[in-house]
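Okay, so here's the structure we're looking at.
Only this structure's heavy atoms are used, side chains among them; waters, hydrogens and symmetry mates stay out. Throughout, a chain's letter reflects where its sequence line sits, starting with A, and its residues are numbered from 1. The shown structure was predicted, so the numbers you read here are calculated from the model rather than taken from an experiment.
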Amino acid sequence: MAHDYSEMESKWQSEWMERGLNLAERDEEKPKFMMIFAYPGVTGYLHVGHLRGYACADAICRFKRMTGHNVLFPVGTHATGNGAISLAAKVRDGDPDFIDYLLRNGCPEERIGQLADPMGAVEFFNEVYVEDYWKRFGFLADWRRFTCSLYEDYGRFIQWQFRKLKDLGLLMQKPYFAPACPGCGPVAVDASETDISKGGDAETQEYTLLKFRSDDVHLIAATLRPETVYGQVCFWVNPDVEYRMISKDGETWIVSPQAAEKLMLQKDGIAEVGTIMGREMVGWMCEAPMIGRRIPVFPASFCDPSVGTGLVTSVPSDAPDDWISLENVRRDPEMRSVYGLSEELIASVTPVSIIDIEGYGDFPAEDAVKRMGITEPGDPRLEEAKKQVYKDGYHMGRMKDVCGPFAGMRVEEAKDRMRQAMIDAGEAELFYDLTEEVVCRCGQPVRIRRIDDQWFIRYGDEELTERTSEHCREMTILPPEYHENVHGVLDWFRERACARQGNWLGTRFPFDEKWIIEAISDSTLYPLYYLISLYANRGDIRPENMTEAFFDYVVLGIGDVGAVSEETGVGTELLGEIRADIGYWYPLDVNLGGKEHMTVHFPVFLMNHRAILPDSMQPRGILVNWYITGKKNKISKSKGGAQPIPGAAARFGVDAMRLYYAHVASMFVDVEWDEDLVMNYRQRLERITGAATEMMGSGTVGEADGIDLWLRSRMNTHLADMREAMDRFDLRGLATIAYYEILNDLRWYSRRGGCNRDVTTEALRTWILGMMPVTPHTAEELWHSAGFEGLAAEASLPEAGPVSAAAEYGEKFIRDILSDINQIKKVSGMTPARIVVYTSPSWKNRVVGIAREMAEGGVPDIPSLTKRCMADETLRKHGKAVPEFVKKTVADLQRTASDRRWSADDLDETTFLRSCAGFLSAETGAEVVVHSADEDGLYDPQGKSRAAVPGRPALLLE
RNA sequence: GCGGAGGUAGCCUAGCUGGCCAAAGGCGCGGGACUUAAGAUCCCGUACUUAGUGUUCCAUGGGUUCGAAUCCCAUCCUCCGCACCA
């Protein structure tokens, strides 16, 4: 079985830590580089896919260290919210699946008890993340600065941030509608179902309540489609439901009992005044809002008292349910006999066409129903029909002429306008409800309740948005697509509820202790806090020292050190130190995060920085990484078991995984986790280790020439390319060079007989350093085997030296010839004993030379080049071969990029090839002779030499 | 719906500031070398054609250009975020 690298990995990790390479200290002499990855939430174990971004961050930081930067790479975790509470609850309840999950991921049995407490769980996972993930993977992070969003000192910083936001006028309070249990208060409705026992997928939906006056009462219907009011022709009640009559602002409303209860939570001054059976209302006439039309009340069993208000306005033209039900009423004799509805009344109700949708007739609902063959009320396919009509109408529909002032308007726009018009006229109100039943843990139903004093951050603030957007243009934001549309995201950001009540962990809202700051809002300025956590973790400053004046001073430089020291109890020297650290390290150079952050975390990160901090402290870069995904659980379950990160590290080796993350694809695409591929990378590393080891100490001492110069040039090209790739944080580009191209070149070098010890040693040094960022353990191991001084992790990447275009071209030239020979061998099926190479006749070189003279930035056209060539005595005698070659030359030049058009000119092909004849002969197993096509008495039985052109000699195989 | 990303050879993926791009790299596959053998490693090949510098080709259909995988338009298909959840 494969070799276990754990020991080698931990050996070098301890060396690095002992040397303190991961510790970041201010050094005014060196340029700084500060990078973070968006800290993860510690709500359980991570899987191998999550490590992609983190590993890239470490690699980038390592590269920066090698190029002369003083690097700060801090890490932390996030635990705000209800994740830890939910997790602890599962452990307390002894949830067998969850316990199994913990054990499978390597949680020691004796520690499970600790997880029954939310903070215990957070501390446990903090340790797992740091020790089993980040340290295990060789990160050079400054562990001293580790912080977590639930730490008290961190909370102080967050509270300061909120004070600043308030000072800037960016906080506001307004009513908000949120789920709550009547007994337990605010609850979280989310998939984890921490607070609830049912309904995790429910969403809050906004209804428009429409008021239908009938004598002295109002029938209240709830609709999601206020734009269809012009099509109202009748009204549905459930005859078997006992409705409530409630008083509201002097009016009497009729709604279902459930709706009455919900309304009381959302509206003031509601009192119950009586009840009425649905059947009693059948046959009433009521006045439809907006249009003032009097419409009849009909019975319909589909009116569910728990949905909306239990009363429904009917728009048969655009609502499939209504269309079917109306048809049903018309042909059902019961309507007349039981409810006593007159024939005339029923006949008077006819659909009104209100929305014009391409692909539909006057009555979209009718079309949809007929297309799907629905004939009876209660058909389950009505739901689908409804969605389809709604979607098409919303997207493509326009209001017809009957819609008065809204005629011609797009549905999308009319919807909002009409709702607002009715609200303004007192004909409608808003109402919120959940899309499905939600039940609290205590067993009571969860309802939407109005919260009058909800706090928001005003991210819609125009000036802040504009200033942030402007700053983004200056930033390095990758991928470029995100650089483009981050402005759109910022624009779209509105008020954000930034605090919540209930069962949540987090920092208390500084102005009102009943609120807890929510999870996004406490994670915006935190990179800055790593500059302070160092001192907090050491105990140099305590939470109680971290007053407003403290942060004002160290972050913003506000106030007098002496006074601040007095007030906070922190020494002036320490205050100065922290202030200097912040001045040195901030701004943040790169914030790396997964693509899920693009619309949530990054915008608030940017806006809070812009709002609170000065120009000099604005972030410089954002790097977004896409995911490593698993198809059908493959990522978490491999052959009969889990794939915890430490297990994967042991199985594949940390470096193989890091190389996989860096090289498998660009950072900006999703990739499916594939163990075989990781194994391939592991093999690649082993192959490289073997090749590098073989190079060490071999070779002879001597003057560098020929192929040595080529290798030198190649290594310089690679150095330049690696640096250039990393300017764009393109780790994949770096890895392609370091793990593939360099190895290929070294093979070629040795194949060509290269063995100069100085040259190979120099190449080895560059090569190993090129591998340092991505596979640091392997690189360090090689560095030491090679006998280089110090630690590779501490070494500098050499500057790229000069590149020899001629040397590089020459080898390419040889490879092409070899490739041509192979090609001919393959096609002809022969094994040649002798190969004759004919280099271009000099007149062809002359033609190219003339073209070059004429070029001046462009390529000459065929007629003028022909003319010039034919004017040349020496050329004219070659007759019509000249214009033919001119044609080809021009064509070739035209499709060659301008900067490489003439690169081939300086090589004396004949001399060069003669010097390589031995090599070619060894490679092909045939005798190789080189002739210039010009030679007198040339041996050329098949006339091949005619095909020879500069850069591409003709060949004869015998 | 709104907003965004993408469709490249058997597969995964580069390229996409237009020009040595028939298209890098990896995997897979075929052949060869080494080896007692297996594995590993190395070399060659892997659209079609052919004693080589030719033809067709980068979702589909148009267009711009001397020249397009790369730019523009249309069509088809796939994927992702949408709010209080880093």
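Taking 4.0 Å as the cut-off between side-chain N and carboxylate O, R496(A) and E518(A) count as a salt-bridged pair. Remark: D670(A) engages K595(A) in a salt bridge, criterion side-chain N to carboxylate O under 4.0 Å.
Of all nucleotides listed (G52(B), C42(B), C44(B)), C44(B) comes nearest to the side chain of N822(A). Nearest to the side chain of H78(A), among A5(B), A83(B), A86(B), sits A86(B). Side-chain proximity of R496(A) to A51(B), A83(B), G26(B): nearest is A83(B). Closest contact between the side chain of R732(A) and the listed nucleotides U41(B), A24(B), A86(B) involves A24(B). For I520(A), the listed nucleotide lying nearest its side chain is A86(B); candidates were C44(B), G26(B), A86(B). For R952(A), the side-chain atoms get nearest to G52(B) when compared with the rest of C85(B), G52(B), C27(B). When the nucleotides G4(B), G45(B), G52(B) are ranked by their closest atom to the side chain of S819(A), G45(B) comes out on top. Checked against G52(B), A86(B), A5(B), the side chain of S523(A) finds its nearest nucleotide in A86(B). Listed candidates were C84(B), G81(B), G26(B). Nearest to the side chain of L677(A) is G26(B). Of the listed nucleotides (C27(B), U50(B), U13(B)), U50(B) has the atom at the smallest distance from the side chain of Q823(A).
As judged by a 4.0 angstrom heavy-atom cut-off over every strand, D676(A) is placed among residues making no nucleic acid contact. Among the atoms of the strands shown, base atoms are found under 4.0 Å from some heavy atom of L955(A). Nucleic acid contact class of P953(A) (heavy atoms, under 4.0 Å, all strands): base. N485(A) comes within 4.0 angstrom of the backbone, heavy atoms only, and of no base. Within 4.0 Å (heavy atoms only), T599(A) reaches sugar-phosphate atoms of the nucleic acid but no base atom. Nucleic acid contact for A947(A): base, since at least one base atom lies under 4.0 Å from a heavy atom of the residue. Nucleic acid contact class of S149(A) (heavy atoms, under 4.0 Å, all strands): none.
Look at the P atom in both C79(B) and C84(B): the space between them is 25 Å, to the nearest Å. Using C1' as the reference atom, U60(B) and C76(B) are 7 Å apart when rounded to the nearest Å. The C1' atoms of C57(B) and G7(B) are separated by 16 Å, rounded to the nearest whole Å. Nucleotides A69(B) and G6(B) place their C1' atoms 14 Å apart, quoted to the nearest Å. Comparing the C1' positions of U53(B) and A22(B) gives a spacing of 14 Å, expressed to the nearest Å. With both ends at atom C1', the span from G4(B) to A9(B) equals 28 Å, rounded to whole Å. Straight-line distance between the C1' atoms of C43(B) and U50(B): roughly 24 Å, to the nearest whole Å. Here the separation of C11(B) from A5(B), taken at their P atoms, is 26 Å to the nearest Å.
With a 3.5 Å ceiling on both atom-pair distances, C84(B) lacks any Watson-Crick or G-U wobble partner. When both distances must be under 3.5 Å, the Watson-Crick or G-U wobble mate of C79(B) is G4(B). Judged by Watson-Crick or G-U wobble contacts below 3.5 Å, the nucleotide G10(B) has C27(B) as its partner. Checking G52(B) for Watson-Crick or G-U wobble geometry (two distances, each under 3.5 Å) identifies no partner in any strand. Nucleotide A74(B) has U60(B) as its partner under the Watson-Crick or G-U criteria, with both atom distances under 3.5 Å. A 3.5 Å limit on both hydrogen-bonding distances identifies C66(B) as the Watson-Crick or G-U partner of G19(B).
One finds no side-chain N or O of R684(A) lying less than 4.0 angstrom from the OP1 or OP2 phosphate oxygen of C27(B).
Side-chain contact annotation: Y526(A) with Q161(A), donor-acceptor N/O pair under 3.5 Å absent. For the residue pair T736(A) / H663(A), a side-chain donor-acceptor distance below 3.5 Å is found, with atom types taken as modelled.
Along RNA chain B, the nucleotide closest to L956(A) and the one closest to A38(A) are compared, and the more 5′ of them pairs with L956(A). Each of R494(A) and W626(A) was matched to the nucleotide of RNA chain B holding its nearest heavy atom; the match closer to the 5' end belongs to W626(A).
By the criterion of a centre-to-centre distance under 5.5 Å and near-parallel planes under 30°, the ring of Y482(A) forms no stack with the base of A5(B).
With values rounded to the nearest 0.5 angstrom, E484(A) atom CD is found 10.5 Å from I477(A) atom CD1. Note that CD1 of I742(A) is 4.5 Å distant from CE of M722(A), once rounded to the nearest 0.5 Å.
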- Please walk me through it: do Y459(A) and W492(A) pass ring pair (Phe, Tyr, Trp, His ring centres under 6.0 Å)? CA-CA 9 Å; Y459(A) 287 121; W492(A) 159 87; over 10 Å; no
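Using cut-offs of 30° and 60° on the angle between ring planes, the pair F602(A) and H597(A) is perpendicular.
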